[in-house]
Amino acid sequence: MASALLLLLLLSLASAQSFSHQRGLIFSLDNGELCLQSAQCKSRCCHRTDGLSLARCANRAAENQECSPKSIYGVYYKCPCENGLTCEADKSIVGSITNTNYGICQDPGSSSK
């Protein structure tokens, strides 16, 4: 009985996975859709406005916008920068624990002197 339930669960997960890439049920989520991890979003940013809000996929930060350095948690209060930009932020362990490690997206090729 337990092996039959396990087989049924595995088959349902496999079918959900096969549909997920086509319809965006689990991965390839569009901006505004609920997410649990940034890897689920097309934009690669799962964003929440505060600790009690639901996380939703959002655009990554553009040049001169607030950003967070990429983290292992996968959910951000400020999205990481778009490709080619770097987040000039406090990268200390305290900043990442207290969620105060925000910065500004900068183009590393432009001269800031």
Side-chain angles (χ1 to χ4, degrees):
M1 178 71 172
S3 62
L5 286 174
L6 180 62
L7 180 62
L8 182 61
L9 177 66
L10 289 173
L11 287 174
S12 64
L13 286 174
S15 65
Q17 181 67 23
S18 68
F19 287 117
S20 68
H21 293 291
Q22 297 168 1
R23 295 182 14 207
L25 293 175
I26 298 172
F27 291 99
S28 298
L29 299 176
D30 290 321
N31 287 348
E33 293 188 273
L34 294 174
C35 55
L36 296 172
Q37 271 290 333
S38 290
Q40 294 177 279
C41 303
K42 287 180 184 175
S43 65
R44 295 293 184 237
C45 179
C46 187
H47 172 264
R48 68 172 10 147
T49 54
D50 58 50
L52 299 176
S53 66
L54 295 173
R56 295 183 180 273
C57 294
N59 287 327
R60 291 194 288 169
E63 191 170 6
N64 297 321
Q65 288 184 334
E66 279 190 305
C67 58
S68 289
K70 293 194 179 191
S71 78
I72 59 170
Y73 304 115
V75 178
Y76 298 95
Y77 290 103
K78 306 284 183 193
C79 286
C81 299
E82 294 174 341
N83 290 340
L85 301 175
T86 59
C87 188
E88 298 298 324
D90 171 25
K91 294 187 175 127
S92 69
I93 205 80
V94 174
S96 54
I97 291 172
T98 59
N99 249 342
T100 57
N101 58 343
Y102 306 132
I104 301 293
C105 288
Q106 300 291 322
D107 183 354
S110 68
S111 62
S112 58
K113 296 178 182 177

Side chain proximity check, [X] to [Y], heavy atoms < 4.5 angstrom:
| X | Y | answer |
| --- | --- | --- |
| Ser38 | Val75 | no |
| Glu66 | Ile104 | yes |
| Cys79 | Cys67 | no |

Considering all heavy atoms, the nearest [X]-[Y] contact:
| X | Y | answer |
| --- | --- | --- |
| His47 | Cys35 | N-SG, 4.5 Å |
| Thr49 | Ser53 | N-OG, 3.1 Å |
| Tyr76 | Ser71 | OH-N, 3.0 Å |
| Pro108 | Leu85 | CD-CA, 4.2 Å |

Grouping ILVMFWY residues whenever side-chain heavy atoms fall under 4.5 Å, the cluster of Leu34 otherwise contains Leu54
Verify, without hydrogens or angle tests, whether [X] (side chain) and [Y] (backbone) share a donor-acceptor contact under 3.5 angstrom.
| X | Y | result |
| --- | --- | --- |
| Ser43 | Ala58 | yes |
| Ser68 | Tyr102 | no |
| Glu63 | Gln106 | no |

Contacts of Glu88 meeting salt bridge (charged side-chain N to carboxylate O under 4.0 Å, His left out) (sequence neighbours excluded), chain-then-number -> none
When rounded to the nearest 0.5 Å, the distance separating CZ of Arg56 from CZ of Arg48 is 11.5 Å
dist Cys41:SG -> Asn31:CG (nearest 0.5 Å) comes out at 7.5 Å
Taking side chain to side chain donor-acceptor pair (under 3.5 Å) as the test, write out the residues that go with [X], two or more places apart.
| X | result |
| --- | --- |
| Lys70 | none |
| Arg60 | Asn83 |
| Gln37 | none |
| Asn64 | none |

Point to revise | Cys81 and Cys105 SG atoms less than 2.5 angstrom apart | key: yes
